[in-house]
Amino acid sequence: MKTNKQNPDFLCIGVKLLKWFSVHGRDLPFRKTDDPYKIWICEIIFQQTRIQQGLNHYHRFINRFPDVQTLAEASSDEVLLHWKGLGYYSRALNIHKASHQIMENFGGVFPQEYDDILSLKGVGKYTAAAVHSICFGGHLPAVDGNFYRVLSRIFADDYDISTTGAFSHFSSLALLMMPLGKAGEFNQAMMDLGSEICRPRNPYCEICPLNADCTAFQLKKVHEFPKKLKKIKPTELQLQYAFVQHGDHFLIRRRNESSIWKKLYEFPTEIDEKYKTYELDSTEIKHKLTHRNLTVIIRHFIIKSQEEFENLAEEGGFHIVDYEQSAAKSFPKPLENYLKIRFEK
DNA sequence: AACGCGGGGCT
DNA sequence: AGCCCAGCGTT
């Protein structure tokens with residue numbers, strides 16, 4: 001465990017940050033608790049997710065799964081349902097697996113050691129440091145996108161944040177200014193400063209508590225940091241679906257565990273050609289994801305005969321649901337929108 | 001080291 | 001249209 005690596009000049013910056021945080025820190029629900037379970041859940045939910053976007057999901061999740069035991073006893077279906085709309089669905093599956101790890105390996109008590117926390121599915125170096133420092137007094141920086149941005153600007157540091165070494169590079173810088181015994185507050189203070197003041201674009205440098213210490217600001221080069229060379233380039237993906245309708249009922253199946261929308265529900269990808277006379281029309285939906293440009297083509301079939309509808313479901317191994325039920329299923333966004341158009345126009 | 005993985009907000 | 005967000009697991 002790294003300790004006491006402070007540098008007096010830099011430590012002064014950390015103290016200023018803590019002072020700013022004590023006055024201007026955000027009033028967030030998970031700041032009111034020291035329950036490691038809740039802190040863990042909130043850290044997972046807010047990976048790559050803005051606070052505003054995930055806040056309702058956090059409340060619903062904690063309300064339904066208030067502790068590790070409740071979560072471990074729930075079905076993965078229900079956990080996924082509570083993740084609906086958040087994205088990065090493997091997080092939900094990992095949380096569920098981790099709850100079983102806690103039950104089996106740690107007797108149902110959330111582990112206190114850094115290495116044990118890190119051993120949980122879905123918990124990486126960032127999350128382990130965050131939970132360990134906030135709940136158990138650990139002295140490690142929780143280096144996330146905010147750390148990259150704030151630290152690269154303060155030190156006018158052009159280390160490429162898209163490389164593997166960025167985490168340890170900025171960890172070392174953070175350790176220089178992290179006051180002993182205050183890591184939990186320091187980590188949250190960095191997040192708030194990064195989100196409220198030292199924003200990616202149009203930062204409020206004029207009111208930043210650290211602007212006198214910020215090299216990039218002094219050089220008027222804040223916009224040059226952080227440096228990031230690797231760009232994500234979306235690839236094209238086309239999906240074909242059969243929306244098979246009988247009254248307000250239709251067919252669904254489960255996606256597999258590969259590719260996008262892991263284990264969410266979807267329409268059948270194809271049906272036997274003998275039903276093609278029932279095809280009414282076809283809809284094309286364009287949908288942009290971070291890593292994919294999707295083209296979703298949905299052929300609409302209407303089956304009049306109940307018997308034929310049930311046979312079709314039987315043959316393909318599909319589930320029959322109605323629209324009201326479907327609202328309770330975890331559908332990917334484009335399919336959910338398609339349903340709304342079909343049933344609520 | 002590189003890649004896959006969502007959805008939403010902002011400029 | 002592009003960028004970023006309380007990152008992690010897999011290959």
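Here the structure is a predicted model, which is why all the values come from computation and not from measurement. Here is the naming used below: chain letters follow the sequence lines, and residue numbers restart at 1 for every chain.
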Got a sec, which residues hit ring pair (Phe, Tyr, Trp, His ring centres under 6.0 Å) with A/F309, two or more places apart in sequence or on another chain? A/H246
Go through the structure and list residues passing side chain to side chain contact (heavy atoms under 4.5 Å, CB included) with A/I161, not counting sequence neighbours. A/Y148, A/F170, A/P226, A/K228
Nearest nucleotide by nearest heavy atom, which residue falls closer to the 5' end of DNA chain C, A/G124 or A/T290? A/T290
For A/K262, check side chain to side chain contact (heavy atoms under 4.5 Å, CB included) against everything at least two apart and list the hits. A/S90, A/L93, A/E257
Tell me, please, which residues at least two apart from A/N337 pass side chain to side chain contact (heavy atoms under 4.5 Å, CB included). A/K333
Taking only nitrogen or oxygen atoms into account, show me every contact under 3.5 Å that the protein makes with nucleotides 9-11 of chain B, one pair per line with its distance.
none

If the condition is side-chain hydrogen bond (donor to acceptor under 3.5 Å, both in side chains), which residues does A/K221 pass it with, not counting sequence neighbours? none
What residue among A/F147, A/F10, A/F225, A/F217 forms ring pair (Phe, Tyr, Trp, His ring centres under 6.0 Å) with A/F155? A/F10
Return yes when atom CD of A/E307 has more than 12 non-hydrogen atoms of other residues, nucleotides or ligands closer than 6.0 Å, and no otherwise. no
Among A/Y58, A/Y37, A/F61, A/W40, the one residue meeting ring pair (Phe, Tyr, Trp, His ring centres under 6.0 Å) with A/F30: A/Y58
Listing request: all side-chain hydrogen bond (donor to acceptor under 3.5 Å, both in side chains) pairs with a residue in residues 98-109 of chain A, at least two apart in sequence or in separate chains. none
In whole Å, measure the gap between the C1' atoms of C/dT10 and B/dG7 for me. 22 Å
Starting from C1' on B/dG8, measure out to NZ on A/K333 and report it in whole angstrom. 9 Å
Whichever of A/S162 and A/Q47 has its nearest DNA chain B nucleotide further upstream toward 5': A/S162
Whole-Å distance separating the CD1 atom of A/I232 from the C1' atom of B/dG6: 11 Å
So what does A/L28 hit on the nucleic acid, given a heavy-atom distance under 4.0 Å: a base, only sugar-phosphate, or nothing? base
I'd like the C1' distance from C/dA6 over to B/dC3, given in whole Å. 22 Å
Between which nucleotides of DNA chain C, read 5' to 3', does contact with chain A run, using atoms under 4.0 Å from its heavy atoms? C/dG2 to C/dT10
Taking A/M190's backbone N and O only, do any of them form a donor-acceptor pair with A/N146's side chain (distance below 3.5 Å, no angle check)? no
List in chain and number order the residues that pass side chain to side chain contact (heavy atoms under 4.5 Å, CB included) with A/N256, two or more places apart in sequence or in another chain; answer none if no residue qualifies. A/S258
Pick the closest DNA chain C nucleotide for A/L118 and for A/R26 by heavy atoms, then say which residue is nearer the 5' end. A/R26
Between A/F243 and A/F343, what is the ring plane arrangement, given parallel below 30°, perpendicular above 60°, and tilted in between? perpendicular
Between A/L264 and A/T164, whichever has its closest DNA chain B nucleotide further toward 5' is A/T164
Do the ring planes of A/F267 and A/Y241 sit parallel (below 30°), tilted (30 to 60°) or perpendicular (above 60°)? perpendicular
Taking the same atom, P, in C/dG9 and in B/dG8, what whole-Å distance lies between them? 24 Å
Students often get this wrong, so: under 4.0 angstrom with heavy atoms, is A/R255 touching a base, only sugar-phosphate, or nothing? nothing
So, using side-chain hydrogen bond (donor to acceptor under 3.5 Å, both in side chains) as the criterion, who are the partners of A/Y159 when residues are at least two apart? none
Nucleic acid contacts - residues 142-153 of chain A versus DNA chain C, non-hydrogen atoms under 4.0 Å: A/D144, A/G145, A/N146, A/R149
Under 4.0 Å from any atom of DNA chain C, heavy atoms only: list the residues of residues 83-104 of chain A that qualify, in numerical order. A/N94
Taking 4.0 angstrom as the limit, do A/D27 and A/K32 come out as a salt bridge? yes
Does A/S259 contact B/dG4 through a side-chain donor or acceptor facing the base, at a distance under 3.5 Å? no
Calculate the interatomic distance between A/N293 atom CG and B/dG7 atom P; express it in whole Å. 14 Å
Atom pair distance, as rounded to whole Å: NZ in A/K262 and P in B/dG4: 13 Å
Applying a 4.0 Å non-hydrogen cut-off, can you work out what A/K288 is touching in the nucleic acid: base, sugar-phosphate, or nothing? nothing
